[in-house]
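One structure below.
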Amino acid sequence: MAVTFRVQDFEGPLDLLLQLVEQEELDISNISLAKVAEQFLDHVNEAKNIPPEELADFLVVAAKLMYMKSKLLLPSLVDEELEEGPDLETQLREYQKFVAASREIDAMWKAGHRSFVRADRPMKRVEIGFAPPPGVTSNDLAAIMRRVIARIEPIIRLPKASIERIVSIQEKIRDLFQRIKSHAKTTFHTFLKGTESRTEAIVSFLALLELVKQRFVLVDQKNLFNDIDISASPDAPEADPLAHSFV
Amino acid sequence: MNLEAQLEAVLFAAAKPFSVRRLAELTGQSAKDVEAALASMMESLDEAESGVMLQKNGSEYELVTRPEVAEVVSQVVKAEAQGELSRPSLEALTILAYRGPLTRPELEQVRGVQSSMILRNLMIRGLVEEHEDVRLGQPTYAVTFAFLNHLGVASIESLPDYEVLRGHSAVSDVLAQLEEPKPESV
Amino acid sequence: MNLEAQLEAVLFAAAKPFSVRRLAELTGQSAKDVEAALASMMESLDEAESGVMLQKNGSEYELVTRPEVAEVVSQVVKAEAQGELSRPSLEALTILAYRGPLTRPELEQVRGVQSSMILRNLMIRGLVEEHEDVRLGQPTYAVTFAFLNHLGVASIESLPDYEVLRGHSAVSDVLAQLEEPKPESV
């Protein structure tokens, strides 16, 4: 689907989602969220400046949106793992309130009507002299320094950990693609069954949607309440779907 | 001399925030009496239209100048320069101000995006601090006096629409869904 | 806001004596009006039995604590200056011991927390001092010889595991981030 308009810079998945809903002049509801699902995916696809450590959060929201959209078409479709966690509609309503409040805070921040604390009198220093902390040893210092270092380490690792997480999502999609090709035919529930965590279910689901979108697979549902059959498309393009996927 | 005068003198002389507990220790009075005296001090400073007000953040108190006189006071004291706030910073500060103290996963739940770098940057700027109380094994974070000072408010309760945003049940609903940890938070 | 409140706020925040002439300049009012406002302030502080009073010394005025509360105030100042160090203070002191001299932004980058009050407190206690070398236009800070002496070590290098902890890559890496542009500007 073509993107019908460009949103302004966005800061996180809920911000993007809110901007899409507001620009379409929709209320926040499950139906309107489903309506903007594909636009959301397109924006995530095209955005160049999503920090790697935030990409996974965008993918989580994308998966929820696509799941909501699928459910509107196929009410029988229920995935317990995707049902878990916060309800996106509630989450977005709350987020909207805080965005509004943050604009007022910003105005106050810029107004310059600030309070001042009392200046420190330089006299104090002269009065006190040397006051070492009682009972502190050099071994205590070494222990504290080790704690400080332990606290820094995750911060240093953050970008690396994010990249590792994205790489693992890519590997997962590659793996799923192979599974579909080799089995030729599978069903939607089988597809989600092997997944262990919510993230994995989301990734599986996203992979499927990508493959459908890029015409690698065909989906077919015999009856309204039946499972969805998935099969490799006979005229699947030769290109690697990963080249076009958004992860 | 009465407790209120003692507390006022201590807050004035030390020129830093004190917790109710610490003030009770220092004056040898019960926390309840200290709280009552502080409430009375807040009221009398307001009534007297003093240039000084008592600011409250959580269970801590500090004496500061009233925002209405900021212009004349800024001629004699320099406040630490704080530039503008980016949108993510503003968002995180607003959520922590109205809903804090919050753990990092709770903040991330409301923002919908991982927030460890934002929290770290706000702590380095002195606008957010880690609190003593831990929830579900996680440290909690709240806005600082430096943040309240910059806005010129006596307490977070005086922020616009405080009751509505603080007490909204839907926020609690969202947060209640947090009992299970987020999958693989980085 | 009224003149009295403006004067009170100026005297409170600046924490030093002011002449009537200077106060008149700051507020843009006549010396006569300033004097009248100061007289009124003196009276209302007395009537309210505040812990703070307006002291006149020659032609200069200063807000000070009332002598009746001197005891509790000096106790507080002493306790604050000589008692145990808070955990955050001890942490800052340790970082400066192992990794100093550091500028304030560098110390804050390693701690992940704003540290100006803590740094001031450590200097007041004679545990930390400003160093000669300046980096990026910022003064640097290191622990004092008196503090090392107190710990019973002859030099910084004799601190336990000095080489390993000082040279740890996590600390160097996080300090290196100070020079790079931040991923998210706060």
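Below, chain A is the first sequence line, B the second, and so on; all start at residue 1. Computed over heavy atoms, backbone and side chain alike; hydrogens, waters and symmetry mates excluded.
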Would you say [atom1] of [X] has more than 12 non-hydrogen atoms from neighbouring residues, nucleotides or ligands within 6.0 angstrom?
{"X": "C/Asp133", "atom1": "CG", "value": "yes"}
{"X": "C/Glu157", "atom1": "CD", "value": "yes"}
{"X": "C/His131", "atom1": "NE2", "value": "yes"}
{"X": "C/Glu25", "atom1": "CD", "value": "yes"}
{"X": "C/Arg21", "atom1": "CZ", "value": "no"}
{"X": "C/Glu71", "atom1": "CD", "value": "no"}

**Close approach to chain A in residues 86-104 of chain C, criterion heavy atom under 4.5 Å** =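 Residues of residues 86-104 of chain C touching chain A at under 4.5 Å: C/Arg87, C/Leu90, C/Glu91, C/Thr94, C/Ile95, C/Ala97, C/Tyr98.
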**Prompt:** What are the two closest heavy atoms between C/Phe12 and A/Phe116, and how far apart are they?
**Reply:**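 Where C/Phe12 meets A/Phe116 most closely, the heavy atoms are CE2-O, 4.1 Å.
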**Prompt:** What part of C/Val164 is in contact with chain A, defined as an atom under 4.5 angstrom from a non-hydrogen atom: side chain, backbone, both or neither?
**Reply:**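 Looking at C/Val164, nothing touches chain A.
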**Item:** Residue part contacting chain A, namely of C/Leu63, when any heavy atom lies under 4.5 Å
**Value:**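 Contact with chain A involves the backbone of C/Leu63 alone.
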**Residue-level interface, residues 146-156 of chain A with chain C, non-hydrogen cut-off under 4.5 Å** =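 Interface residues of residues 146-156 of chain A: A/Arg146, A/Arg147, A/Val148, A/Ile149, A/Arg151, A/Ile152, A/Glu153, A/Ile155, A/Ile156.
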With a cut-off of 3.5 Å and sequence neighbours excluded, list every side-chain donor-acceptor pair involving residues 129-140 of chain A.
residue, atom, partner, partner atom, Å
A/Thr137, OG1, A/Asn139, N, 3.4
A/Thr137, OG1, A/Asp140, N, 3.2
A/Thr137, OG1, A/Asp140, OD2, 3.4
A/Asp140, OD2, A/Thr137, N, 3.0

**Message:** For residues 50-61 of chain C, which residue pairs pass the salt bridge (Lys or Arg N to Asp or Glu O under 4.0 Å) check, not counting sequence neighbours?
**Reply:**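 Sorted pair list comes back empty.
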